[in-house]
Amino acid sequence: MRVYNTLSKRKEEFVTLEPGKVKMYVCGPTVYNLIHIGNARPMIVFDTVRRYLEHKGYEVNYVSNFTDVDDKIIAKANEEGVSSQEISERYIAECKKDMEALNVRPATTHPRATQEIDGMIAMIQTLVDKGFAYDVDGTVYFRTRKFQEYGKLSHKNLDDLRSGNRSLLVTGEDQKEDPLDFVLWKPKKEGEPSWPSPWSDGRPGWHIECSVMSKKYLGEQIDIHAGGEDLIFPHHENEIAQSECCNGKEFAKYWLHNAFLNIDNRKMSKSLGNFFTVREILEKYDPQVLRFFMLSAHYRSPLNFSADLMEAAKNGLDRIRNAVSNLKYLMECGAPAGDQSGSAAPNAAGGKQDSISRDADSGMTTEEEGLLAAIKAYEVKFDEAMDDDFNTADAIAVIFELVKFANSNLSSGNSRVLLQAVYDEIVRLSDILGLIVEEKEELLDADIEALIAERQAARKAKNFARADEIRNQLADQGITLLDTREGVKWKRA
Ligand code: AMP
Ligand code: ZN
């Protein structure tokens, strides 16, 4: 498997620090508003990377933070006359709802900056002790000149940056030894949340948060660090400086960055005001269409948002879903199963006698066995696409090929084993991308009542495993159970 590493600017063979395990950190959102679909791009893309790594058999420890202390959060809190915490709690909850809708799995850990202040103070203290940081009147800066490798990720000409930044210095910042020095700790201003520290009552800078949370939950060295490409400089460059100077080790092996989601070829962002929230888009489209749209381009290619492309994504997803439901229909309308060799089997053209000899166990003809083998080739191609720096666009093209194969080769005359295998393969490959293509069958009221009765009986028999299984099965269908004094009541979501 090869992945593009921003650090080396080329694709590299993926080799983990520990065999079979991946430690992965993805910079999460600053929570002061509903997330926009630009923010959703790294969430979807790196969730897909995680799913694919798991498909390859890796155990993935996936950490993604919420930045819950920041100027924008404080401004919003002041605007509403509530605490910063109230704002961040509210938008973390909203963000989680959007993630769930987009089938983005929760991280192994979602740390929050405000709960990790002790670790930040400790790391800053180490940097001060080692001479990599200095305190001026309660503000602590990182001494970039002391880190020889500063700039290695962003490949920028630092002298140009220094002279450019010098003229941009704002009042107060002239205390810095170097224009590229950045803040690790800053003293509080009136009305801001603050914590005591050896330097001042104040709060951490943004960059130190990720160095600390990554270290705490994943260790000093990690395999993958990821985020949007706007984070390469200065955020990730600064994270490298802090972590490597503090720990004396290479921080992350592979740096992955997604390109922007644009509108009219400009980055979608809150500050430009050219954004759609995920919530707005989900009023018009199935969340899976948005996910499909994001994955229809390679993650390192800019993606322009437009109604036309969303329509194309909807059609693409429908094509896969139609093939899946058609296969289901073919299976239901009488495909021969195993042990039915020579039995009558209607095909799509209608009720022709099947006199072909079939394998006694699988019910498959020799020709079908050939088709089954051909399916495996699609899986290999899918993995090849994803092994090449997670090329989801090509991986989707392979699913389309499989759909075409199903549409042109299969009918109800085929054995159930073959139909089921093709069905499973389409669903499985889609699932690796986090795309849900199976139609959820609506449970009828009578089915629900029957399951509830079965659950009651299971509980009486102290078979709690079965009782829980039924509760979960119903929950999957959006049905919640309420145990009341009058018995079990249920409602649909
Ligand atoms: P923020 O809340 O601005 O810190 O952003 C959270 C994540 O979303 C970061 O990884 C950003 O790089 C990413 N991001 C923000 N806007 C876009 C965009 N228009 N396209 C792609 N990624 C974005
Ligand atoms: Zn970060």
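First listed ligand is number 1; within each ligand, the first listed atom is number 1.
Proximity of Leu231 to ligand 1, defined as any heavy-atom pair under 4.0 Å, is confined to the side chain (atoms from C-beta onward). In Asn262, neither the side chain nor the backbone holds a heavy atom less than 4.0 Å from any atom of ligand 1. With a 4.0 Å cut-off on non-hydrogen atoms, His36 touches ligand 1 through its side chain and not its backbone.
The closest protein non-hydrogen atom to atom 2 (O) of ligand 1 is Thr30 N, 3.2 Å. Protein heavy atom closest to atom 19 (N) of ligand 1, with residue, atom name and distance, is Met268 O, 2.8 Å. Residue, atom and distance of the protein heavy atom nearest to atom 22 (N) of ligand 1 are Gly38 O, 3.1 Å. Distance from atom 11 (C) of ligand 1 to its nearest protein heavy atom, with residue and atom name: Asp230 OD1, 3.5 Å. Nearest non-hydrogen protein atom to atom 5 (O) of ligand 1 is Asn39 ND2, 3.3 Å.
For CD of Gln477, the number of neighbouring non-hydrogen atoms (other residues, nucleotides, ligands) closer than 6.0 Å is greater than 12. Within 6.0 Å of CD on Glu439 lie no more than 12 heavy atoms contributed by other residues, nucleotides or ligands. For Arg266, the CZ atom sits in a loose shell: 12 or fewer heavy atoms of surrounding residues, nucleotides or ligands are nearer than 6.0 Å. Residue-environment remark: CD (Glu13) exceeds the threshold of 12 foreign heavy atoms within 6.0 Å.
In this structure, His225 and Trp255 have parallel ring planes: the angle between them is below the 30° cut-off, well short of the 60° mark. Phe142 and Phe147 have perpendicular rings, their planes meeting at more than 60° on a 0 to 90° scale where under 30° would count as parallel.
At a cut-off of 2.8 Å, His235 coordinates the Zn ion (ligand 2) through an N, O or S atom.
Rounded to the nearest 10 degrees, the angle SG (Cys27) to the Zn ion (ligand 2) to SG (Cys210) equals 130°.
Contacts classified as ring pair (Phe, Tyr, Trp, His ring centres under 6.0 Å) and involving residues 62-106 (residues at least two apart or in different chains) are given here: Phe66-His110.
A donor-acceptor contact closer than 3.5 angstrom is absent between the side chains of Tyr25 and Glu239.
The atoms of ligand 1 that sit less than 4.0 Å from any heavy atom of Lys267 are 16 (N), 17 (C), 19 (N).
Contact between Pro42 and ligand 1 is present, with at least one heavy atom of the residue lying under 4.0 Å from the ligand.
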